[in-house]
Amino acid sequence: MDEMAYSLQNYSLATIVPGAGTSLLQIHPLTHAWARFHVGDEDQLRYQAAAVLLLALGARHYPTPSGRYLTSHVSHMSSIWSDLHMNDAEASAFILSDGGLFESALLLRERIVAQLRLIIDPHGLTFTESLWLLAVTYVHLGRFTEAEVLQTEVITSRKSLLAEGDFTILDSSIILANIYRNLRRFDEAEALQVEVLRLSTRDLGRRHPNTLAAINSLALTYNDSGRHEEAEKLQVEALELGIELRGEHHPDTISTLGDLANTYLNLGRVKETLPLQQKAVQLTKGIRGERHPETSKAISQLALIHSATGNFTEAQAMQEEVHRLSKALRGERHPLTISACSSLGKTYYELAAFESAAKLQEEVLKLRKEVLGERHFDTITASSHLATTYFRLGRSSEAIWLQEEAWRKSKEVLGEEHSDTLAIATTLAHTYRSFDRTQEADNILLEVMHITYATRGAEHPDYIAAWNEWAITTKQETVQLQTLAARKGRLGEKHPDTIESLYKVSLWYRDMGRFWIAERHLKDVILLREEVLGERHPRTLETYTSLALLYLSSGRPRKAEPLQRKVVDILKETRGERHPETSNALIGLAYIYYKLGRYQEAEVMERETLKAQEEISGLQYDAIVQSRIRAGGWRMLISNMEKVVSLGFFFIERYLFDS
């Protein structure tokens with residue numbers, strides 16, 4: 001074989017090129033054509049069988065240097081898939097699934113199950129193994145309802161044949177629990193995972209790989225259901241054990257590392273999140289390669305972290321590359337491609353590219369409906385994201401309809417008491433309030449509060465959050481102070497929810513004219529957010545702006561100016577000079593200049609800022625600019641500035657038109 005390769009190299013008919021951890025032999029198309037022409041039909045079948053066997057030997061659970069290159073070879077043999085022996089067909093399906101080609105793997109595994117039903121006991125272990133693999137493929141495709149039916153059948157069969165603590169039953173139970181989690185049925189998932197962890201710990205010990213899998217599975221349920229502290233505790237333990245037992249380069253260890261990074265992100269600990277996810281990306285690239293779906297998922301998560309820290313330009317570059325690559329390699333209907341499209345749409349929204357965001361989000365909603373159905377939770381979520389973008393485009397009627405539909409479908413699919421349903425309801429309430437539908441908004445918030453109290457109790461974080469939302473909208477000082485005390489006692493003073501409560505209390509004191517108390521609290525919030533989130537985080541910038549407004553309201557514009565200047569400088573760097581948030585911050589700075597008597601600087605800044613927005617948005621801002629300039633302009637505009645700044649970013653357009 002080596003002599004043949006060297007001979008072909010001498011005639012430039014074959015080239016040995018370095019791969020990732022291995023060497024690859026690239027054969028000239030003329031050599032392929034010559035071989036096909038000269039090899040007889042009978043010999044071709046033997047060579048073909050040898051190729052199938054060689055590929056099947058590459059179906060390994062632990063990634064190998066050559067494994068990443070096998071998927072394309074299996075795909076090229078699709079014309080003979082229907083003729084493969086079932087063992088070879090499963091090996092091919094494994095390689096395809098590992099490479100992210102889930103639809104192709106599904107074709108093979110559905111055929112295997114159909115054939116096995118005809119020739120072996122449908123309740124035997126061999127058949128249940130094929131059902132288990134088919135269910136896992138459905139999970140990869142997001143078809144959780146179909147996966148649940150199969151996995152339930154697998155567990156029932158295995159329990160009738162095997163002892164209670166058999167590891168195959170535990171593995172099947174973990175998969176079923178993960179299906180429940182993805183269906184947002186957290187109580188069922190947790191109950192099953194706790195039992196699996198108990199049995200696995202009892203029979204195998206805490207340091208066994210199966211026990212680690214149970215720990216990670218339970219942690220994911222805790223994280224998705226908002227119990228982030230409990231998730232962190234389990235994931236830290238799993239990561240330490242995984243590194244000790246398997247090493248940091250093992251795929252399961254890397255997966256735990258990424259899961260822990262996501263938990264830290266949910267806890268608002270962004271400074272700890274970024275290095276963890278960067279390491280996860282580096283390790284995944286090392287064992288999987290640049291083009292593997294797991295690498296794309298890790299990069300997408302890193303982009304999400306960059307977005308959370310306000311670094312949207314970096315996030316955009318990453319997400320555009322992931323989306324481009326996934327679309328080229330896997331097609332537009334692949335789950336990873338749709339997810340990448342959704343993430344990119346959200347980043348475009350943050351960068352104020354609303355038309356581009358809407359285009360992507362409309363495509364995501366269309367594909368989610370086609371691939372997953374209208375009642376799938378990912379479809380409902382896609383509808384909510386599109387509604388948010390429609391608001392920014394002035395398509396408020398369509399946006400409200402989408403949100404109302406999302407709430408209705410969530411109640412049908414998940415139930416009115418589910419945390420996701422209540423979150424959608426709360427968002428709709430805020431939408432109603434922003435359009436002066438106050439009574440409807442209050443009714444929804446009261447309903448959310450009553451449901452969380454009845455189903456979770458007064459000490460549950462969901463009830464405290466609902467209570468706080470109602471208190472904020474109805475200006476209930478006592479309730480806000482009680483929420484702050486409850487969160488501080490339960491979560492600690494550095495938890496993002498506690499900091500948010502302190503921030504809301506600060507704003508209430510400011511709006512009531514009790515400036516010295518508000519100032520003290522806002523300074524505490526700034527210190528906490530700088531420590532936990534960093535000074536460039538959007539929530540930190542929000543606090544700088546709020547303190548600047550307090551200084552303005554209390555007649556201290558000189559103290560407001562450096563704070564607002566800092567906000568402007570950071571937004572220019574992270575969002576760009578032409579972003580609406582940057583423009584709003586610049587108009588706020590112009591207002592401060594006006595208060596300081598620096599009238600010429602203020603007017604120039606206001607004119608230049610609105611002119612830039614006119615160039616970006618066309619008539620929307622042209623109408624604003626012309627009316628303001630003709631009427632002595634900026635002095636009329638600044639009468640609304642306190643409303644603009646106090647409501648936060650993105651609200652300036654509404655008050656410019658209203659005034």
Side-chain angles (χ1 to χ4, degrees), residues 270-271 274 303-320 344 346-357 392 526 529-530 533-549 551-552 557-596 598 600-618 620-621 624-625 628 634 637-638 640-642 644-653 655-656:
V270 293
K271 290 183 177 179
L274 188 59
L304 179 64
I305 294 167
H306 280 302
S307 293
T309 59
N311 193 356
F312 297 107
T313 305
E314 184 74 18
Q316 178 188 358
M318 288 183 175
Q319 287 166 340
E320 286 178 340
L344 182 58
K346 284 185 280 188
T347 298
Y348 281 158
Y349 175 90
E350 295 292 349
L351 289 167
F354 301 124
E355 291 287 356
S356 298
R392 302 308 312 144
I526 285 175
R529 283 183 167 168
E530 285 178 339
L533 305 176
E535 67 173 14
R536 295 157 59 91
H537 193 279
R539 305 300 281 172
T540 310
L541 299 184
E542 171 190 61
T543 319
Y544 293 150
T545 300
S546 295
L547 184 56
L549 177 61
Y551 286 144
L552 283 173
R558 292 191 184 280
K559 300 194 77 172
E561 192 267 340
L563 279 171
Q564 193 67 9
R565 168 58 65 185
K566 186 174 186 176
V567 171
V568 167
D569 291 342
I570 292 174
L571 286 174
K572 282 183 176 180
E573 184 179 347
T574 59
R575 301 269 182 150
E577 295 197 4
R578 296 163 69 84
H579 192 281
E581 288 190 14
T582 310
S583 298
N584 292 350
L586 280 166
I587 293 176
L589 185 60
Y591 181 41
I592 293 170
Y593 284 165
Y594 168 70
K595 287 290 190 178
L596 289 169
R598 295 158 63 176
Q600 186 173 359
E601 292 175 85
E603 186 162 2
V604 168
M605 183 175 290
E606 184 266 343
R607 284 173 177 268
E608 289 179 351
T609 301
L610 289 179
K611 184 65 177 176
Q613 290 302 331
E614 176 191 16
E615 294 171 2
I616 298 169
S617 303
Q620 179 180 353
Y621 274 90
I624 298 171
V625 173
R628 292 299 178 232
W634 70 280
L637 177 137
I638 59 172
N640 288 302
M641 201 53 231
E642 290 196 10
V644 172
V645 178
S646 66
L647 283 172
F649 302 129
F650 281 98
F651 280 80
I652 188 169
E653 299 98 324
Y655 280 97
L656 290 175

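Every residue meeting the side-chain contact (heavy atoms from CB on, under 4.5 Å) condition with Arg565, not counting sequence neighbours, appears here in chain and number order: Glu561, Val568, Asp569, Leu589, Tyr593, Met605. Under the side chain to side chain donor-acceptor pair (under 3.5 Å) criterion, Glu314 pairs with no residue, sequence neighbours left out. Lys566 meets the side chain to side chain donor-acceptor pair (under 3.5 Å) test with Glu535, Tyr544; sequence neighbours excluded. Under the rule for a side-chain contact (heavy atoms from CB on, under 4.5 Å), the partners of Ala303 that lie at least two apart in sequence or sit in another chain are Ala315, Met318, Gln319. With sequence neighbours left out, the side-chain contact (heavy atoms from CB on, under 4.5 Å) criterion links Ala548 to Ala560, Leu563, Gln564. Residues satisfying the side chain to side chain donor-acceptor pair (under 3.5 Å) test with Thr543, not counting sequence neighbours, are Arg529.
Interatomic distance, CD of Glu573 versus CG of Asn311, reported as 8.5 Å (0.5 Å rounding). Of the inter-residue distances, the one linking Ser307 atom OG with Lys346 atom NZ reads 9.0 Å to the nearest 0.5 angstrom. Atom CD1 of residue Ile587 and atom CD1 of residue Ile592 lie 12.5 Å apart, to the nearest 0.5 angstrom. Rounded to the nearest 0.5 Å, atoms NZ (Lys572) and CD1 (Ile570) are 12.5 Å apart. To the nearest 0.5 Å, atoms NZ (Lys559) and CG (Leu552) are separated by 12.5 Å. To the nearest 0.5 Å, the span separating CG on Leu571 from OG1 on Thr545 amounts to 7.5 Å.
Heavy-atom minimum distance, Phe354 versus Tyr349: CE2-O, 3.4 Å. Heavy-atom minimum distance, Gly534 versus Thr540: O-OG1, 2.8 Å. Scanning both residues, Lys271 and Leu533, for their nearest heavy atoms gives CE-C, 4.5 Å. For the pair Pro538 and Ala308, the tightest heavy-atom approach, listed with the atom from each and the gap, is CD-O, 3.7 Å.
For the pair Ser546 (side chain) and Glu542 (backbone), a donor-acceptor distance under 3.5 Å is present. Side chain of His537 to backbone of Glu530: no donor-acceptor contact under 3.5 angstrom is found.
Contact annotation: the side chain of Glu320 approaches that of Tyr348 to within less than 4.5 Å [non-hydrogen atoms, C-beta and beyond].
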